[in-house]
*Asks:* 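Can you read through this structure? Questions will come right after.
The basis for the numbers below is simple: all heavy atoms, side chains too, and nothing from hydrogens, waters or symmetry mates. Every chain is numbered from 1 and lettered A, B, ... according to where its sequence line falls, protein lines coming before strand lines.
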There are 2 protein chains.
Amino acid sequence: MLKEKKVRESSLYKVRAVSSSTIRRLPVYLRLLDSLTRDDLKFVSSKQLSEKTGYTAEQIRKDLSRFGTFGTRGAGYDTEALRNEILKIIGLHKKIAVIVVGVGHLGTALLRYNVNKTPYTNVVAAFDTSPEVVGKRILDVEVLPAHKMEEIVKKHDVKLAILTVPSKNAQVAVDQVIQSGVQVIFNFAPTWVQVPEGVVVHNADISVELQSLIYYATTKEKEEYASTI
Amino acid sequence: MLKEKKVRESSLYKVRAVSSSTIRRLPVYLRLLDSLTRDDLKFVSSKQLSEKTGYTAEQIRKDLSRFGTFGTRGAGYDTEALRNEILKIIGLHKKIAVIVVGVGHLGTALLRYNVNKTPYTNVVAAFDTSPEVVGKRILDVEVLPAHKMEEIVKKHDVKLAILTVPSKNAQVAVDQVIQSGVQVIFNFAPTWVQVPEGVVVHNADISVELQSLIYYATTKEKEEYASTI
DNA sequence: TCATGTGAAGAGCTTCACAGCA
DNA sequence: TGCTGTGAAGCTCTTCACATGA
């Protein structure tokens, strides 16, 4: 989980970091607004957004008002305008350059189905050490040898690396990514990696999510039991 | 996000659902205890667990005490015993039968590197509609045609389905999975699916996580700006 | 009238601080 | 002494309720 900045204290100002819960909801709003824009819906109310996302309408209004005043009383939010605001808030108003490190099945899957299907990220290259995949192309993305990483990162000002290497190679890959100048890493290897101060690592932690889900899958009986104590 | 049960109120008892934050930390403790058991460490204190996980020691003690009294004052927690308790809490003390639906790159990646590498889950079969993959084996797991699903689910008492089909097939796949008798679904398709009451769907939502991360990747300047307002 | 924006109240989660026990 | 277990305090996030404005 990403750590939040501590609240700053001063005699004049309190600037509080945006809560991570809010940050996680923004992309959900964005996805919904994308589909509403496609449907040519001009205005949308917090109540309508609520019905689609499952969040309460108040929650949504609070989230949005954290960043400014985007709505029109009586009418709701201008779909297109709100979408643009959220893009700016997240930092997606300019395409962000991304690299994928590790072109096994998972890397290939992300390249094919997820990352470049949105207009927000631009995968400028993928990297691997295996001669069998280096030189290949997955959709539009070329697979390069690892020693080209720094050059590519500098050239395209890459801000984010998606790491899909096997666990045993994760630390080496992370070191190289950081060496190349990338400061934010989305790690899919089910392992913890060491990074210097200032580098952000977010672990996808599929097995943690799976096991949490197993708790809920096996827990109906447990809850029943607890309620009869 | 999984919804929590509402707190029950009665004149005699209050049974409160375990918080989802706690549930998400349990698998992290488990992963750590697994490695400590391999290192033959007999006892571990909440302070030691804190250093490895990044959670505070009090947090860890609170989490564990929610389920019982597992520690020994002055000594810490018996590594092996605590591991077994957490397995029981999550519901992993018996291997849980799982199916994977959709054997593209992502499904293959999960089959190869994640799901069956732990001793906790047992992938009894994978399913696909494409004749090119049906009949293949990935490690020990056979890829079957979709019409065999119900038979397999009944036979192995499958409790959980991992869904790795393309978005456009997600709803059809979900319907079939539920039809077969599975009530808990881990969905990797970047789309929302409709399910009847009682069925739990957890969305992996890789693009939501990626976009949250982009907020943090592009936000250093924003925070700086905010702090000078 | 309708829907936003927002203080205030409420609920939930985390940290503190220390009693209790090996 | 050392470390757990846990009420109480503190803090954050969510929901409530309503003033405000189109």
*Asks:* Please report the distance, rounded to the nearest Å, between CZ in A/Arg61 and P in C/dT6.
*Replies:*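 Spelled out: CZ on A/Arg61 to P on C/dT6 is 11 Å.
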*Asks:* Please figure out whether B/Gly71 or A/Gly74 has its closest DNA chain D nucleotide nearer the 5' end.
*Replies:* B/Gly71
*Asks:* Of the candidate nucleotides C/dA22, C/dT14, C/dT4, which contains the atom at the shortest distance from the side chain of A/Ser45?
*Replies:*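 It is C/dT4.
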*Asks:* Inspect the contact between B/Asp63 and B/Arg24 and indicate whether a charged nitrogen and a carboxylate oxygen are less than 4.0 angstrom apart.
*Replies:* no
*Asks:* Would you say A/Arg25 reaches D/dT14's phosphate, i.e. side-chain N/O to OP1/OP2 under 4.0 Å?
*Replies:*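 For D/dT14, OP1 or OP2 has a side-chain N or O of A/Arg25 closer than 4.0 Å.
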*Asks:* Which atom pair, heavy atoms only, marks the closest approach of A/Ile214 to B/Gly91?
*Replies:* CG2-O, 4.1 Å
*Asks:* A/Asp63 CG to D/dT14 P: how many Å, rounded?
*Replies:*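 So the CG-P distance, A/Asp63 to D/dT14, works out to 7 Å.
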*Asks:* Rounded to the nearest Å, what distance is computed from the CG atom of residue B/Leu49 to the C1' atom of nucleotide D/dC3?
*Replies:* 12 Å
*Asks:* Check whether any side-chain N or O of A/Gln59 sits under 4.0 Å from OP1 or OP2 of D/dT15, and answer yes or no.
*Replies:* yes
*Asks:* Hey, are B/Lys94 and B/Asp157 close enough for a salt bridge, meaning a charged N less than 4.0 Å from a carboxylate O?
*Replies:* no
*Asks:* When you match A/Thr56 and A/Arg73 each to their closest nucleotide on DNA chain D, which lands nearer the 5' end?
*Replies:*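 Nearest nucleotide further toward 5': that of A/Thr56.
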*Asks:* Distance check: side-chain N/O of B/Tyr77 vs OP1/OP2 of D/dG5, anything under 4.0 Å?
*Replies:*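 B/Tyr77 to D/dG5 OP1/OP2: side-chain N or O found under 4.0 Å.
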*Asks:* If you compare all heavy atoms of A/Gly107 against all heavy atoms of A/Val100, which two are closest, and at what distance to 0.1 Å?
*Replies:*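 Result for this residue pair: CA-CG1, 4.3 Å.
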*Asks:* Ignoring backbone atoms, establish whether B/Arg66 has a side-chain N or O less than 4.0 Å from OP1 or OP2 of C/dT14.
*Replies:* no
*Asks:* With a 4.0 Å cut-off on heavy atoms, is A/Ser46 in touch with a base, just the backbone sugar-phosphate, or nothing at all?
*Replies:*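 Counting heavy atoms under 4.0 Å across all strands, the contact made by A/Ser46 is with sugar-phosphate only.
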*Asks:* Measure NZ/A/Lys62 against P/C/dG10 and give the value in whole Å, please.
*Replies:* 15 Å
*Asks:* Without decimals, in angstroms, what is the distance between A/Leu64 CG and C/dT6 C1'?
*Replies:* 14 Å
*Asks:* Contact class for B/Lys47 (heavy atom, under 4.0 Å): base, sugar-phosphate, or nothing?
*Replies:* nothing
*Asks:* Can you measure A/Glu58 atom CD to C/dT6 atom P for me and round it to whole angstrom units?
*Replies:*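 Distance check: A/Glu58 CD to C/dT6 P gives 15 Å.
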*Asks:* Provide, to the nearest angstrom, the distance between the CD1 atom belonging to B/Ile60 and the P atom belonging to D/dC3.
*Replies:*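 Roughly 14 Å, once rounded to whole Å.
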*Asks:* Please report the distance, rounded to the nearest Å, between CD in B/Gln48 and P in D/dG2.
*Replies:* 14 Å
*Asks:* Give a yes or no on whether the backbone of B/Ala189 and the side-chain of B/Asn187 come within a donor-acceptor separation of less than 3.5 Å.
*Replies:*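 Side chain of B/Asn187 to backbone of B/Ala189, a donor-acceptor pair under 3.5 Å: yes, one is there.
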*Asks:* Looking across every strand, which nucleic acid part, if any, lies under 4.0 Å from B/Thr22 by heavy atom: base, sugar-phosphate, or nothing?
*Replies:* nothing
